[in-house]
Number of protein chains: 2
Amino acid sequence: MRKLTVKERVVEAALDLFQEKGYHGVSVEELVEHAETSKGGFYHHFKSKDDLLYEIHDIFISYVLNETKRASEQYDSAIDQLDALMRTFMNVFNIYQRHITVFYNESVYLLPNHEEAITKKRTAYRKLLEQILINGQRQQVFRQELSITITAMLIIGTVNWTYKWYKQDGELTMQDITTYFNDVILRGVMTEAGYREAATKQYLL
Amino acid sequence: MRKLTVKERVVEAALDLFQEKGYHGVSVEELVEHAETSKGGFYHHFKSKDDLLYEIHDIFISYVLNETKRASEQYDSAIDQLDALMRTFMNVFNIYQRHITVFYNESVYLLPNHEEAITKKRTAYRKLLEQILINGQRQQVFRQELSITITAMLIIGTVNWTYKWYKQDGELTMQDITTYFNDVILRGVMTEAGYREAATKQYLL
DNA sequence: CCACACAGACCGACTAGTCGGTTCAAATTG
DNA sequence: CAATTTGAACCGACTAGTCGGTCTGTGTGG
């Protein structure tokens with residue numbers, strides 16, 4: 001385990017403190033104390049307190065976006081793609097839950113200054129999911145009468161909300177949760193043909 | 001339309017401003033200006049700025065809790081109950097979307113001071129939903145292998161997340177959205193017997 | 001005249017960000 | 001290889017401003 005840089009220590013401290021007390025509940029003073037650095041050190045690496053919040057967001061959203069793209073490109077079947085997307089997102093919880101929590105709690109304060117950069121990546125992610133749903137309709141495995149937009153929102157809502165209640169040391173693992181989610185969502189969106197494919201591939205309980 | 005009281009004007013102003021700029025993005029100064037009152041007026045009605053945030057939350061959660069209880073008590077069938085719960089929650093969006101937005105965005109800052117009061121009502125709501133799912137399993141209309149906890153979280157996540165993207169003046173009405181949500185979720189959780197009941201009752205697309 | 005609703009000047013605590021200064025390791029030079 | 005230079009990393013006292021909350025005063029309806 002290599003020694004952490006100051007910048008990394010600051011991010012670590014921020015994740016712990018922001019998650020607990022919120023962005024506005026933690027002063028830069030308190031932050032640098034936990035990170036075992038100083039005000040000077042902090043402002044050497046970050047333009048502002050706001051800038052730190054943005055970086056935390058970007059670390060996480062970039063990772064999710066890349067991983068999801070990579071994962072879904074490995075498959076042709078929309079059912080496989082949807083499963084991959086879900087698993088990818090749920091996997092990053094184990095690494096990035098603190099980032100996600102901080103991001104969703106504080107995004108109101110972040111938006112005015114970094115709106116463009118944020119919206120871009122979030123839209124890209126939504127499009128990725130919507131494309132999978134469209135693929136599924138083309139492949140006749142997802143029902144034609146589905147609204148792409150609303151279905152996408154249902155899925156995003158389901159996975160995103162997990163940050164509000166998932167506990168890493170709880171009795172449910174991310175594996176379990178994803179399996180359940182996939183089961184309910186797939187059954188909810190699939191056609192008969194899709195059902196047969198998913199059953200064969202053991203996606204259902 | 002009767003004249004609004006100072007207290008009501010403050011709450012109205014808070015909902016508009018907090019939704020846009022967040023709780024910490026709005027000073028009491030700015031708030032009372034928008035509400036066309038003064039600091040004295042504000043502190044005559046509220047113990048603190050924090051207290052206002054709590055009231056906003058309580059107005060909304062109390063309403064949802066009562067309405068949901070009332071709605072689900074009207075039915076014996078778990079399918080009807082789940083539909084009623086969904087419709088109730090989605091309906092309050094048209095009245096309380098601003099409350100909900102403020103509440104979820106700022107709940108981190110609210111918790112330390114009002115933890116007990118908040119947790120109580122939120123837990124009550126979750127229990128209500130879980131009980132409906134259990135009823136459904138007893139009635140053999142929801143699948144036995146469902147995890148009550150995870151399914152409840154999927155549903156709560158789906159409906160709660162709506163505050164992030166639903167626009168009152170958008171092309172989708174809350175009616176449309178709820179119908180889609182119900183369709184996907186019901187298909188996801190039901191047994192064959194449940195499917196026949198729901199189809200008869202026109203809950204599916 | 002008194003209780004209540006409200007006004008707004010004021011206070012004190014707190015905090016984001018600055019800035020002159022220090023350290024130290026690596027690059028440059030003679 | 002020592003002597004010297006350089007500059008990035010880091011420090012922390014300080015500032016300028018903000019903002020939640022208080023307090024005294026004032027008008028008003030009963």
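Below, all heavy atoms of this structure are taken into account, side chains as well, without hydrogens, waters or symmetry copies. Order of the sequence lines fixes the chain letters, A, B, ..., with proteins taken first and strands second; residue numbering starts at 1 for each chain.
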Nearest-Å distance for atom pair CD/C1', residues B:Glu30 and D:dT18: 13 Å
Presence of A:His45 side-chain N/O under 4.0 Å of D:dC10 phosphate oxygens OP1/OP2: yes
Sugar-phosphate only, base, or nothing, as touched by A:Val32 at under 4.0 Å among non-hydrogen atoms: nothing
Given DNA chain C, 5'-ward residue of the pair A:Ser27 and B:Thr37, judged by closest heavy atom: B:Thr37
Side-chain N or O of B:Ser48 closer than 4.0 Å to phosphate OP1/OP2 of D:dG20: no
Gap between atoms CG and C1', on B:Asp51 and D:dG21 respectively (whole Å): 13 Å
Nearest-Å distance for atom pair CZ/P, residues A:Phe46 and C:dT18: 15 Å
D:dC10 phosphate, OP1 or OP2, under 4.0 Å from A:His44 side-chain N/O: no
B:Asn105 versus A:Tyr109, side-chain donor and acceptor atoms under 3.5 Å: no
Sugar-phosphate only, base, or nothing, as touched by B:Lys39 at under 4.0 Å among non-hydrogen atoms: base
Protein-nucleotide distance (A:Phe42, atom CZ; C:dT18, atom P), rounded to Å: 11 Å
Residue mapping more 5' on DNA chain C - nearest nucleotide basis, B:Lys7 or B:Glu29: B:Lys7
Cation-pi, A:Phe42 ring and A:Lys49 (6.0 angstrom, 45 degrees): no
Pair A:Asp176-A:Thr173, side-chain donor/acceptor within less than 3.5 Å: yes
Carboxylate-amine/guanidinium contact A:Arg98 A:Glu12, below 4.0 Å: yes
